[in-house]
Amino acid sequence: MPTREPVRSRRAPVRIPTRRTAGDVVAGLGALVVLVALVGGVPYALLVLAGPPITPELLDLDLLTSRVGPSTIVALMVLLVWLAWFQLLVCVVVEVYAGVRRVGMPARVPLSGGTQMLANKLVSAVLLLFTASAAVVPIARLGAPPPVSAPVATVALAAPIVEAETTKKAKKVYVVQPPHGRHHESLWEIAEKCLGDGRRYPEIYRLNQNKEQPDGTRLRMADLIRPGWVLDMPDDARNVHVVPAGQGRVETLHEHPGRAEPVGRVSGKSGEVAKSDTREQAPLGKKDTPATTQPEITKKPEISGEPEISGERAPQEELSPGLDLVDYLAGSALAAAGLLVVLGRRRREQLWRRAFGHRVVRPRDDAAKAEVALRFGADAPGARILDLGLRLLGVELAAQNRTPPTVYAAHLSARHLDLWIHPPDKDPPAPWTVQDGGQVWRLYAHEGRLLTDPGPAQQGGAPYPGLVSLGTDDSGRVLIDLEAAQGLINIRGPQTTAALGAIAVELATNRWSDRMRVTLVGFGEELTAIAPDRIKAVGSLAEVLPELEATAAPREQVLTGRVNGSPRDAHFLLSAVAPTQEEARRLALLARKDTAGYVVPGESPHATWTLEITDDGRARIAELGFEVAAQLLPRRHYKALVDLFRTAEQLDGEAVPDPEALEELQPPAVEIRLLGPIEIIGPEPLEPGRMAIAVELLIYLATHPGGVHPVVLGGVLWPRGVQAMVRDATIARVADWLGAEHLFTDEAGRLRLGPGVRTDWVLFRELVRRSHGDTTARAVLLERALGLVRGPLLSGRPPGRYAWLAADELEYDVAAGVADAAHRLCEIRLAHGDPDAAVAAARAGLLLAADDEGLWRDLLRATHATGDQVRLRAVVDGLTRRSSSHPYGGGMAPETEALIDELLPSWRIHIVRESSA
């Protein structure tokens, strides 16, 4: 735990009196009399003196048209008095419920501020009669177990209402902890740990709603809390810090960056001593646990590493600023999809140069977390609909000789893609439909999924490359077209650079553009590692203004050229440096006549739109009426992306570690097949709704034989966080499914699989290992190993799951291991004069490692050795088609092209003839 400054003035502990004073009794009796009079006496008097709330005068339908007499006025006044009494009655019921049931902060009755305050004081005074005794508890909570004897400092009832002397001088707070693995704390779990019941989380929410936190943000949604936030807690909370009542959150966070000590320790610099609580602390997510020392869990540097378990409290990891990587990068769904495509292209190039016995260099630390977040959040279907929908829209408009309309914004949801256009047009080409009198063109998702890529020959250009995500609202993602502003776009706020970085990354990697240039001024030089062909970083506006002015082109000409197949580069300037007055004037003139986008900070009077990024991460454009949760790329996340792509530039690879020996090759009781479609052989399948998560849990445990702590496992399977009860119930369900001998918890609290559970990958590695030392049976062992390969690794896995593979060795080791085994067997078969068997070996490896062009070269050599030119040409044609239509692009490796030139010199002529035909 961090050291605290010594306490200089230490007072004796303040205790809540265990007996009622005479004043308490008098006040309580008086309040009881007043409550009875108000709740019972007022309606009795009204019924006797004035009658029921609704009198015959008020039921007369002529009341609205006839003159109002004295009787009607009296009837209305009586009704108002009845309504005021009913409001008081509701407030009393709410306050009594909150006090007796100990639910913490009472619910707020609408439009009843003063009335509820009166009810609060009266009910508090009455309940004070019972705070020193538990006699009321069996009455108020029938059927509940006998209450545990509480320390003298514990308030039995209505703790948030009855302010004892200690709560005036001290308060309880909880510091939200960093994620363990990728598991985040939630208000439910904090309530479960500190209040004993997760259902009490609304109390914590109400105590902290809209209060500023140390990072400058505020709690606005109950399901979104951040590490480093300091939460005010109800008076009966455990496992919290007790600090002086007036201490600020920043100071509290500075003094208590780690977990809370047991209640009763002295906290804060003022020397105030809080009330003590000698009850044992319960571990996270558990209740009724014996009072034993619980091990602490700390993260290893690698995301795939397991927590260290010890009996001592270990130091916590440094608090990360703001949300974790998954919260930002996974939320940037379209940018994530584009980044994964670019990253996949780099990985292909790494595979081209992979040496035998080496795997592709895999990312680590934050770079690995970044790829996990990208895989988890990428919206590839949404990016595809945007790409094909806009391109085919351009094709249809070009066929009708129509100029594409100005699209100033778009909205992408699970149901449809909307384009907000100007001026309104009621005649969109099919399958687009018209909405809002022609102001919106809509493409429904089911129509978008049916769109097919027409291929390079028929495909139209990208008409709106400047569409970029502004952020998200409750129903989907809002994009704006930077070109549609036709003027400067001012950006301002404390997170300007984070917003510019997010815009730059999405522009440079999106699918719905062809030729793109993004100029970054005063920031982003490292982003050239992601898209060096699109991104250019300069130090000042003066460096680029002459070029911009020389290449400007009118909007209508550019839009027509894009849809007719003669596009020019789309150009966007994003500046973190405020322009001078003269630079702003030149940019404004340029923006009015050029089809480009210019985003600059400051307060330029020439701006058409102003993009404001608020302190709490909202993006607002007043001119368009937009306010959404902003898409941001903070510094840590920015650096993680850069590191990820720099890792993908490392071409040397890294050695694959040797596997541990497997004693027996007998079939296991439970076999997990990974080398192709996922299969679990042995137990009966679970119901479909639960099978997917159970299988992923089992696969993760099987590929981490050292054991996995449940908290880490929860973070792996639910990257956004999960309630402890859901996690534990899932684990228990899988344990029941497999049996206790196959899934158990070891002494350190880790989940492990028994020896009766094995994967086909473990068997594959053992067969390959044995082939190294057995020259006579080498080919047979390798052939048997490759016989286990049935397709791509874990094929058929549900979309959005298994994101943890990005930070795990499995994906990299399997691809390298299968390719090397196939290469070795192919060479053995060729050396023994059996080219057909060599062809079979290469094809077996390509089932899983199809992007490893070393195997394609093996296939080419083996096929050439058969002497069948038709067969060889078929292989070349298949490889050519695959490389030209590969989702990651990039063609084929130069070494592969050179080998084809050697083996089949006429292949290029044949390809040209097919293309022209």
Side-chain angles (χ1 to χ4, degrees), residues 176-186 188-190 192-193 227 239 258-259 281-287 289-290 292-318 320 324-326 364-365 368-369 372 376 672 693-738 740-755 757 801-810:
V176 181
Q177 295 299 299
H180 296 306
R182 290 179 300 283
H183 168 72
H184 298 262
E185 287 192 306
S186 66
W188 180 286
E189 291 176 345
I190 293 172
E192 189 174 59
K193 178 172 63 172
N239 306 325
R259 294 193 181 279
Q281 296 187 56
L284 178 63
K286 301 289 185 183
K287 291 182 285 187
T289 303
T292 57
T293 302
Q294 296 295 328
E296 285 297 311
I297 303 168
T298 57
K299 249 186 355 181
K300 286 186 178 180
E302 295 185 13
I303 195 170
S304 59
E306 293 305 318
E308 296 176 354
I309 308 295
S310 67
E312 300 294 329
R313 291 187 178 273
Q316 299 297 315
E317 69 173 24
E318 181 180 353
S320 60
D324 194 51
L325 288 160
V326 71
R364 288 173 169 81
D365 302 325
K369 294 180 182 179
V372 170
F376 177 68
I672 305 171
I693 189 68
V695 168
E696 185 176 2
L697 183 153
L698 186 56
I699 289 173
Y700 190 83
L701 291 178
T703 53
H704 295 79
V708 183
H709 195 278
V711 174
V712 175
L713 185 62
V716 167
L717 300 180
W718 295 276
R720 290 280 195 184
V722 64
Q723 297 172 6
M725 64 175 63
V726 174
R727 178 198 67 214
D728 295 342
T730 302
I731 294 172
R733 188 180 302 119
V734 177
D736 291 341
W737 176 45
L738 289 182
E741 71 277 14
H742 297 316
L743 177 56
F744 58 90
T745 304
D746 63 16
E747 295 179 354
R750 298 173 186 260
L751 293 166
R752 291 178 181 269
L753 295 178
V757 183
R801 302 216 62 90
Y802 295 83
W804 52 269
L805 286 171
D808 200 271
E809 297 178 348
L810 180 67

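Residue numbers start at 1 and run along the sequence shown.
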- Message: Treating N239 as the side-chain partner and K193 as the backbone partner, does any N or O pair qualify as donor plus acceptor under 3.5 Å?
- Response: yes
- Taking L743 as the fixed residue, which of V757, D736, L738 is the one that meets the side-chain contact (heavy atoms from CB on, under 4.5 Å) rule? L738
- Report the distance from atom CD1 of I699 to atom CG of L810, rounding to the nearest 0.5 Å. 9.0 Å
- Query: If you measure from CD on E192 to CD on Q723, what distance do you get to the nearest 0.5 Å?
  - Reply: 8.0 Å
- Message: Working to the nearest 0.5 angstrom, can you tell me the gap between F376 CZ and K369 NZ?
- Response: 15.5 Å
- Distance in Å, I693 CD1 paired with R733 CZ, rounded so as to fall on 0.5 Å steps: 10.0 Å
- Task: Start with the C-alpha gap between L713 and R727, add the side-chain angles, then the distance that decides, and say whether side-chain contact (heavy atoms from CB on, under 4.5 Å) holds.
- Result: CA-CA 8 Å; L713 185 62; R727 178 198 67 214; 5.9 Å; no
- Query: Any donor-acceptor pair under 3.5 Å linking the side chain of E189 with the backbone of A724?
  - Reply: yes
- Message: Closer than 3.5 angstrom, by distance alone: can the side chain of R750 be matched with the main-chain N or O of T745 as a donor-acceptor pair?
- Response: no
- Task: Hey, can you tell me if Y700 and H704 have their rings parallel, tilted or perpendicular (30° and 60° cut-offs)?
- Result: parallel
- Task: Could you pull out the closest heavy-atom pair between V734 and A694, with the gap in Å?
- Result: CG2-CB, 3.7 Å
- Item | OG1 on T703 to CH2 on W804, rounded to 0.5 Å | 4.0 Å
- Query: So, for I672 and L698, which heavy atoms are closest and what is the spacing to 0.1 Å?
  - Reply: CD1-CG, 3.6 Å
- Taking all atoms of both residues into account, what is the closest heavy-atom pair of P710 and I731, and its distance? CB-CD1, 3.9 Å
- Query: What is the distance from atom OH of Y802 to atom CG of D808, rounded to the nearest 0.5 Å?
  - Reply: 12.5 Å
